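One structure is given here, and the rest of the page talks about it.
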Amino acid sequence: MFGAVVVGVGTAGSVRIRDLVAPLAGSAAEKLTIKGFISRRSLGDQQGVSQISREEAVSREDVQAAFVCTENVSHEENIRTFLQAGKHVCVEYPMTLNHQAAVDLWDLAQEKGLVLHEEHIELLTEDYKLLKKETEGKILKEGTLHFTGGALKPGFGALVFSGIARLTWLVDLFGELSVTAATMEEDAGKNYSKMTANMLTSDNRPLTWIEERGPGLPRAKNINFHFDSCTLTQIPPAPRGAVGIFMQDMIHFSAKLAGQVSPEELQREKTRILHCFHVAERIQKLCQS
Ligand code: NAD
């Protein structure tokens, strides 16, 4: 069994507590047992789980893993603290707000022989799985992914990092990408921002990623993918899966703890994640120039 704590009790942290309290029967997630949660606020018990201090969590021998669910700006420091204390870490995306910090944390995890897992629930939704199936075997000519959503909360970092899930989709669908141009439009008074990144696939096919946020904008992903044989203008709607996406992610993390994930798969995941950080950082630099 692996004792676990949840750090940060917002939307994601509450779901993590829920899933740890009632893991999917018969799954690897049953190997995790919750020992407490950590919050900067003084909260009463949450879902029957008690609050403990970070110092206690770090020093307790019956705590072997931490779920980092705080706002993005505090991920890096929390990951480092738990890794240095010899605890495995599952962190909600994005793991950091720059490429070098992600590389350093991965090195630290490797040096300590610990699992560092970045959650990517966007790859686990039924809609995405169907979209991936529909794009398989097709040759992309050009494409656009346009995300809209409400204004970003403080502490969630630049659009390109808070929206890394969209970039992850593009890399998972079409392979490694290079950036040719990126621009940012901002209206601070209206809390509005729009990032447009122009990228190329390894076959030199153009891909545009737009991340647009502002008060009242609906949370939506619009796609326009032109293939050799057809055009996809809608994410195919799929019925909800039987197992929740955070639970699927937790099962994957537990399987890593149990040594059930092959080194090749671990390396593939790390390569994809670090590539996305590399691309995001390049976009960020172009937006700032
Ligand atoms: P959130 O705003 O609900 O919580 C973020 C942090 O704010 C947490 O540490 C929480 O403890 C703290 N917080 C929440 N309410 C507070 C309050 N009233 N006073 C003081 N602090 C408070 O954000 P979230 O959606 O849980 O996101 C956390 C992380 O999970 C982020 O890294 C995000 O990118 C990631 N994530 C979230 C989702 C999701 O569906 N919500 C999905 C994937 C990844």
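First listed ligand is number 1; within each ligand, the first listed atom is number 1. Quantities reported herein were computed from a predicted structural model and do not represent experimental measurements.
The closest protein non-hydrogen atom to atom 11 (O) of ligand 1 is Val9 N, 2.8 Å. Annotation: atom 34 (O) of ligand 1 to nearest protein heavy atom, Tyr93 O, 2.8 Å. With respect to atom 44 (C) of ligand 1, the closest heavy atom belonging to the protein is Glu119 OE1, 3.2 Å. Looking only at heavy atoms of the protein, atom 13 (N) of ligand 1 is closest to Arg41 NH2, 3.4 Å. At the shortest separation from atom 7 (O) of ligand 1 among protein heavy atoms lies Glu71 OE1, 3.6 Å. Scanning all protein heavy atoms for the shortest distance to atom 9 (O) of ligand 1 gives Arg40 NH2, 3.0 Å. From the protein, the heavy atom lying nearest to atom 2 (O) of ligand 1 is Lys153 NZ, 2.8 Å. Shortest contact from atom 38 (C) of ligand 1 to any protein heavy atom: Phe246 CZ, 4.0 Å.
Between the side chain of Gln267 and the main chain of Pro263, no donor-acceptor pair closer than 3.5 Å is present. The main-chain N or O of Ile139 is found under 3.5 Å from a side-chain atom of Asp228 such that the two form a donor-acceptor pair. Between the His120 side chain and the Asp249 main chain, no donor and acceptor come within less than 3.5 Å of each other. Side chain of Glu92 to main chain of Glu119: no donor-acceptor pair is present (N/O by atom type, distance under 3.5 Å, no hydrogens or angles).
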Could you walk me through whether Phe174 and Phe225 pass ring-ring contact (aromatic ring centres under 6.0 Å, His included), step by step? CA-CA 11 Å; Phe174 304 117; Phe225 295 147; 5.1 Å; yes
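Within the 4.0 Å heavy-atom shell around ligand 1 one does not find Glu122. Using a 4.0 angstrom heavy-atom cutoff, Cys69 counts as in contact with ligand 1.
A salt bridge does not link Arg80 with Glu77: none of the charged nitrogens is closer than 4.0 Å to a carboxylate oxygen.
Here's the thing with Ala12: one of its N/O atoms is less than 3.5 angstrom from an N/O atom of ligand 1. Backbone and side-chain nitrogen or oxygen atoms of Thr11 are examined, and one is located within less than 3.5 angstrom of a nitrogen or oxygen of ligand 1.
When every heavy atom of Ser14 is checked against every heavy atom of Gln47, the shortest pair comes out as O-NE2, 3.0 Å.
Close contacts between ligand 1 and Ile121 involve ligand atoms 42 (C), 43 (C) [criterion: under 4.0 Å to a heavy atom]. Atoms of ligand 1 lying under 4.0 Å from at least one heavy atom of His75, given by number and element, are 32 (O). Annotation for ligand 1: atoms under 4.0 Å from non-hydrogen atoms of Thr70 are 8 (C), 9 (O), 28 (C), 29 (C), 31 (C), 32 (O). Which parts of ligand 1 touch Asn72 is read off a 4.0 Å heavy-atom cut-off, strictly below it: atoms 31 (C), 32 (O), 33 (C), 34 (O).
Using modelled atom types, one finds no donor on one side chain facing an acceptor on the other under 3.5 Å when comparing His88 with Gln64. Arg54 and Asn78 are linked by a side-chain donor-acceptor pair at a separation below 3.5 angstrom, with hydrogens and angles left out of the test. For the residue pair Glu185/Tyr192, the side-chain donor-acceptor check at 3.5 Å is not satisfied.
Of the listed options Glu118, Glu92, His120, Glu92 places a heavy atom closest to atom 36 (N) of ligand 1.
Remark: of the listed residues Glu264, Lys256, Glu118, Lys256 is the sole one forming a side chain to side chain contact (heavy atoms under 4.5 Å, CB included) with Glu269.
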